[in-house]
Amino acid sequence: MNFIKRLFDWMLAIGLLLLVGRIATAIFLFLDIPFTTFFKDYSLISVTILIIGLVGQQVMKDKS
């Protein structure tokens with residue numbers, strides 16, 4: 001059970017990091033500054049990781 005909680009914690013952290021990357025990419029693209037498109041290309045995957053991490057943390061919190 002502890003492993004699953006840690007997994008969801010890591011998924012949330014990675015999802016938040018990717019969210020910050022997507023926001024930075026959007027700002028740079030808006031300002032016409034060349035920047036990597038890594039975060040734009042994988043936005044669906046990063047949103048999925050973030051949502052799974054959030055839902056998983058909430059489920060684990062309710063079971064405790």
Side-chain angles (χ1 to χ4, degrees):
M1 193 73 109
N2 194 22
F3 171 75
I4 296 173
K5 183 182 181 314
R6 283 188 175 172
L7 178 69
F8 288 136
D9 290 343
W10 274 105
M11 288 179 81
L12 179 66
I14 292 169
L16 288 174
L17 181 67
L18 292 171
L19 175 67
V20 169
R22 285 195 327 266
I23 291 171
T25 301
I27 290 171
F28 284 127
L29 289 176
F30 179 74
L31 297 174
D32 269 345
I33 299 173
F35 193 67
T36 182
T37 60
F38 173 79
F39 297 105
K40 184 179 173 189
D41 297 338
Y42 295 103
S43 65
L44 182 63
I45 296 169
S46 62
V47 169
T48 305
I49 291 171
L50 181 62
I51 290 173
I52 290 172
L54 285 171
V55 170
Q57 270 195 341
Q58 189 64 34
V59 168
M60 296 304 290
K61 196 182 299 182
D62 289 343
K63 288 190 177 197
S64 298

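- Not counting sequence neighbours, Leu17 has no partner by the side-chain contact (heavy atoms from CB on, under 4.5 Å) test.
- Cluster annotation: Leu16 is connected to Ile27 through the hydrophobic network of ILVMFWY side chains, with a link wherever side-chain heavy atoms come within less than 4.5 Å.
- Tracing side-chain contacts under 4.5 Å through hydrophobic residues (I, L, V, M, F, W, Y), one reaches Phe30 starting from Ile23; they form part of the same cluster.
- Contact of the Phe8 side chain with the Leu12 side chain is not registered, since no non-hydrogen atoms from C-beta on lie closer than 4.5 Å.
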Please tabulate, for side-chain N and O atoms in residues 44-54, each donor-acceptor pair with protein atoms closer than 3.5 Å (sequence neighbours left out).
{"residue": "Ser46", "atom": "OG", "partner": "Arg22", "partner atom": "NH1", "Å": "2.6"}
{"residue": "Ser46", "atom": "OG", "partner": "Tyr42", "partner atom": "O", "Å": "3.4"}
{"residue": "Ser46", "atom": "OG", "partner": "Ser43", "partner atom": "O", "Å": "2.9"}
{"residue": "Thr48", "atom": "OG1", "partner": "Leu44", "partner atom": "O", "Å": "2.7"}

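- The side-chain hydrogen bond (donor to acceptor under 3.5 Å, both in side chains) search around Gln57 returns Asp9, not counting sequence neighbours.
- Residues Val20 and Trp10 do not share a hydrophobic cluster, defined by chaining ILVMFWY side chains whose heavy atoms lie under 4.5 Å apart.
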